[in-house]
Amino acid sequence: MKLNMLKIGNKLNKAINFFNLKFLFLIIFFSVYTLKHAFSEENYIVTIVNKIPITKVDIFNRAKLISISVDKNSKIKNIENYYNQSLQTLINEKIILSAGEKINKNLSSIILNQANQILLAEFGNSKQKLNQFINKYSISKSTLLEKYKAQLIWGIVLRNKYKEQFSKIEKNIEQIIDSNEYKKNEDLYDLAEIVIYKNNNNRLLDKINIALKDGANFLEIAKQISVSSSAKFNGKIGWNSYQDLPRFIKNRGRLINEGETFTFSEKDKIKIIKVLAKRQKGKISKKEDIMLIVQIKFPINFQKKNIVYKKIKNDLNNLLSNKNTCDVLKIYEKKNSKNLDFKVIKSRIADLSPIIESIVERTNFFEASKPIFLGNNGYIYVKCDKKEAKLNKINYKKFKEAKLNKYFLMYSEKLLKRLNNEANILLVEKIK
């Protein structure tokens with residue numbers, strides 16, 4: 001009797017196990033089917049620009065990059081705020097791609113290596129850091145490359161379109177340099193801009209203003225978000241005399257200070273202008289001094305923030321004690337490469353984010369700074385070197401470059417507006 005009961009029990013267990021496995025298989029099957037079906041439903045063509053489609057996924061991925069830049073995360077609720085800006089940016093890029101193909105059908109392939117080099121440079125020429133970013137945010141490399149390809153193609157298109165004009169401009173610049181007809185003793189303002197489309201972008205404007213108020217880097221946001229060709233130069237539009245300043249700023253009728261931002265509408269766009277540095281009567285600004293800083297990024301991983309920070313701070317201070325260079329940090333980086341991410345920053349003070357600038361100013365050389373905490377990570381800064389900017393010699397190459405960049409931006413806006421009007425843009429479906 002017991003033996004029969006045992007056999008019945010074994011059969012029952014096998015049946016239950018078989019049922020469980022079958023049930024688990026059905027759950028997995030239907031989950032995969034549902035996910036695939038949902039994805040196919042989610043991805044659809046939103047707009048076609050000169051026969052080139054822009055899909056919901058294209059818009060989502062570009063909006064994700066904007067969210068990472070502004071919000072420092074890629075949460076869905078934030079990403080949705082940037083759909084409109086993302087779409088407008090992608091439309092411009094497809095128009096640029098079409099213009100490039102008219103010059104050479106293989107232009108996109110020709111500039112691919114150069115675009116790869118620019119992208120890699122954004123990650124300190126580290127393939128490992130690039131791959132970590134791609135894996136962390138689930139963004140393909142091709143998505144990251146699109147912006148740089150468009151910038152390179154656009155430079156070629158402009159040069160081709162305004163060949164004669166640029167030739168004359170270069171000659172004029174050479175004449176100015178030869179005759180020293182540049183202004184030395186007037187007030188000069190080094191400006192940068194973030195440009196967004198006015199239509200349906202109030203939420204984006206609010207987000208940018210909040211990020212800037214919280215100490216975000218103006219140039220980093222401009223590089224990722226701005227629809228102006230100045231994004232190629234991290235939003236920088238160069239040195240301007242008072243007369244060359246935007247009318248909105250001059251109309252304020254008051255002193256213009258370094259670090260100030262001005263927001264105003266211009267036709268169909270909103271412009272945010274920042275005064276990076278100011279030369280009073282041509283005298284160089286302290287903001288133009290060059291800083292060499294090492295940024296150490298460390299994970300929190302559910303530990304107490306201050307305990308993690310203090311340990312790394314003590315290690316760094318002991319290591320840097322009685323040192324007059326930061327070379328010893330290279331050894332420390334190798335030993336801790338799995339847990340810490342090191343980044344060397346060589347920058348004008350004017351180009352740093354206000355929060356980093358403030359921390360570095362209050363930190364002695366070769367000492368660990370106070371921390372910045374963002375999400376699951378903390379950041380420490382070590383000030384390694386500082387070089388005072390000098391006006392003894394004029395760098396004619398940079399002077400010429402800056403002048404050409406101004407004309408590049410002027411012609412860029414003019415041509416892109418015309419190509420937009422001529423483009424065949426078909427709205428297929430609204431973004432859901």
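The first residue in the sequence is number 1, and the count goes up from there.
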Open item on the list: For the CZ atom of F218 and the CG atom of L276, what is their distance to the nearest 0.5 Å?
Closed with: 7.5 Å

Task: Donor-acceptor pair between N92 and N420 side chains, under 3.5 angstrom - done: yes

TODO: Establish, from distance only, whether the side-chain atoms of K271 and T263 form a donor-acceptor pair under 3.5 Å.
DONE: no

TODO: State which residues pass side chain to side chain contact (heavy atoms under 4.5 Å, CB included) with N322; sequence neighbours excluded, sorted by chain then number.
DONE: none

- [ ] Walk me through it: do D289 and K387 pass the test salt bridge (charged side-chain N to carboxylate O under 4.0 Å, His left out)?
- [x] CA-CA 6 Å; D289 290 348; K387 288 186 179 178; over 6 Å; no

Open item on the list: Can you confirm whether or not the ring centre of F123 sits under 6.0 Å from the ring centre of F133?
Closed with: yes

Task: Least distance between heavy atoms, Y332 atom then N336 atom - done: O-ND2, 2.8 Å

Task: Derivation of the salt bridge (charged side-chain N to carboxylate O under 4.0 Å, His left out) call for R418 and E422 - done: CA-CA 6 Å; R418 201 194 85 191; E422 294 173 357; 3.2 Å; yes

TODO: Quick one: closest heavy-atom pair of S369 and Y309, and the distance?
DONE: O-OH, 2.9 Å

Open item on the list: When you measure from the side chain of S230 to the backbone of F233, do you find a donor-acceptor pair of N or O atoms at a distance under 3.5 Å?
Closed with: no

Task: Main-chain N/O of P53 paired with K94 side-chain donor or acceptor, under 3.5 Å - done: no

Task: Check: K403/N172 side-chain N/O donor and acceptor closer than 3.5 Å - done: no

TODO: Report yes or no: do S228 and E193 form a side-chain donor-acceptor pair below 3.5 Å?
DONE: yes

TODO: Just say parallel, tilted or perpendicular for the rings of F248 and F264, cut-offs at 30° and 60°.
DONE: parallel

Open item on the list: Looking at K281 and D187, is any side-chain nitrogen of the basic one under 4.0 Å from a carboxylate oxygen of the acidic one?
Closed with: no

- [ ] Determine, step by step, whether K287 and E357 satisfy the salt bridge (charged side-chain N to carboxylate O under 4.0 Å, His left out) criterion, reporting the C-alpha distance in whole Å, the side-chain angles of both residues, the deciding distance to 0.1 Å, and the verdict.
- [x] CA-CA 10 Å; K287 293 270 188 181; E357 181 186 342; 2.6 Å; yes

- [ ] Would you name the heavy atoms of E146 and R62 that are closest together and state the gap between them?
- [x] OE1-NH2, 3.4 Å

Task: Charged N-O contact under 4.0 Å between E122 and K223 - done: yes

Open item on the list: Looking only at the side chains, is there a donor atom on one of N131 and K141 sitting less than 3.5 Å from an acceptor on the other?
Closed with: no

Task: Flag for N376-N301: side-chain donor and acceptor within less than 3.5 Å - done: yes

Task: Flag for S412-S229: side-chain donor and acceptor within less than 3.5 Å - done: yes

Open item on the list: What I want to check is whether the side chains of D71 and Y82 have a donor and an acceptor closer together than 3.5 Å.
Closed with: yes

Task: Step-by-step side-chain hydrogen bond (donor to acceptor under 3.5 Å, both in side chains) determination, S109 to N106 - done: CA-CA 5 Å; S109 301; N106 299 317; 5.3 Å; no

Task: K236 and D351 ion-paired at < 4.0 Å - done: yes

Open item on the list: Could you tell me if S140 and S142 have a donor-acceptor pair between their side chains, going purely by distance under 3.5 Å?
Closed with: yes

- [ ] State, without any angle test, whether N73 and N78 hold a side-chain donor-acceptor pair at a distance under 3.5 Å.
- [x] yes

- [ ] Tell me whether the centres of the aromatic rings in F166 and Y411 are closer together than 6.0 Å.
- [x] yes

TODO: Evaluate the criterion salt bridge (charged side-chain N to carboxylate O under 4.0 Å, His left out) for residue pair K311 and D315; output intermediate values, then yes/no.
DONE: CA-CA 6 Å; K311 183 186 181 306; D315 287 347; 3.3 Å; yes

- [ ] Enter the distance from E80:CD to K64:NZ here, rounded to the nearest 0.5 Å.
- [x] 13.0 Å

- [ ] Ignoring hydrogens and angles, tell me if any N or O in the side chain of N50 forms a donor-acceptor pair with the backbone of N424 under 3.5 Å.
- [x] yes

Open item on the list: For the backbone of A368 and the side chain of N317, can you confirm whether one donor and one acceptor N or O come within less than 3.5 Å of each other?
Closed with: yes

Open item on the list: Whether the side chain of E413 engages the backbone of M410 through a donor-acceptor N/O pair (distance < 3.5 Å, no angle test) should be reported.
Closed with: no

- [ ] Report yes if the side chains of I54 and I45 come closer than 4.5 Å at any heavy-atom pair, otherwise no.
- [x] no

Open item on the list: Under a 4.0 Å threshold between the charged nitrogen and the carboxylate oxygen, would D206 count as salt-bridged to K213?
Closed with: no

Open item on the list: Whether R159 and E170 form a salt bridge (side-chain N of Lys/Arg under 4.0 Å from carboxylate O of Asp/Glu) is what I want to check.
Closed with: yes

Task: Candidate list R348, R279, E258, test side-chain hydrogen bond (donor to acceptor under 3.5 Å, both in side chains), partner S285, passing option - done: E258

Open item on the list: Please tell me whether N201 and Q85 have a donor and an acceptor in their side chains that are separated by less than 3.5 angstrom.
Closed with: yes

Open item on the list: Ignoring hydrogens and geometry beyond distance, is a side-chain donor-acceptor pair present between N318 and S321 at under 3.5 Å?
Closed with: no

Task: Pairwise distance CD1(I66) to OG(S74) - rounded to 0.5 angstrom - done: 13.0 Å

- [ ] Supply the atom-to-atom distance K102 NZ to N160 CG, rounded to the nearest 0.5 angstrom.
- [x] 12.0 Å

Open item on the list: Is it true that Y381 and Q295 share a donor-acceptor pair across their side chains at a distance under 3.5 Å?
Closed with: yes

Task: Main-chain N/O of S67 paired to K75 side chain as donor or acceptor, under 3.5 Å - done: no

Task: Pairing of K346 and D385 as salt bridge, 4.0 angstrom limit - done: no

Task: For A277 against A350, the heavy-atom pair lying closest together - done: CB-CB, 4.2 Å

Task: Ring-face cation contact, F365 with K383, 6.0 Å cut, 45° max - done: yes

- [ ] State whether the side chain of N104 and the backbone N or O of G100 hold a donor-acceptor pair below 3.5 Å, judged by distance alone.
- [x] no

Task: Side-chain ion pair, K168 and E164, N-O less than 4.0 Å - done: no

- [ ] Considering non-hydrogen atoms only, spot the tightest contact between V70 and A211 and give its length.
- [x] O-CB, 3.6 Å

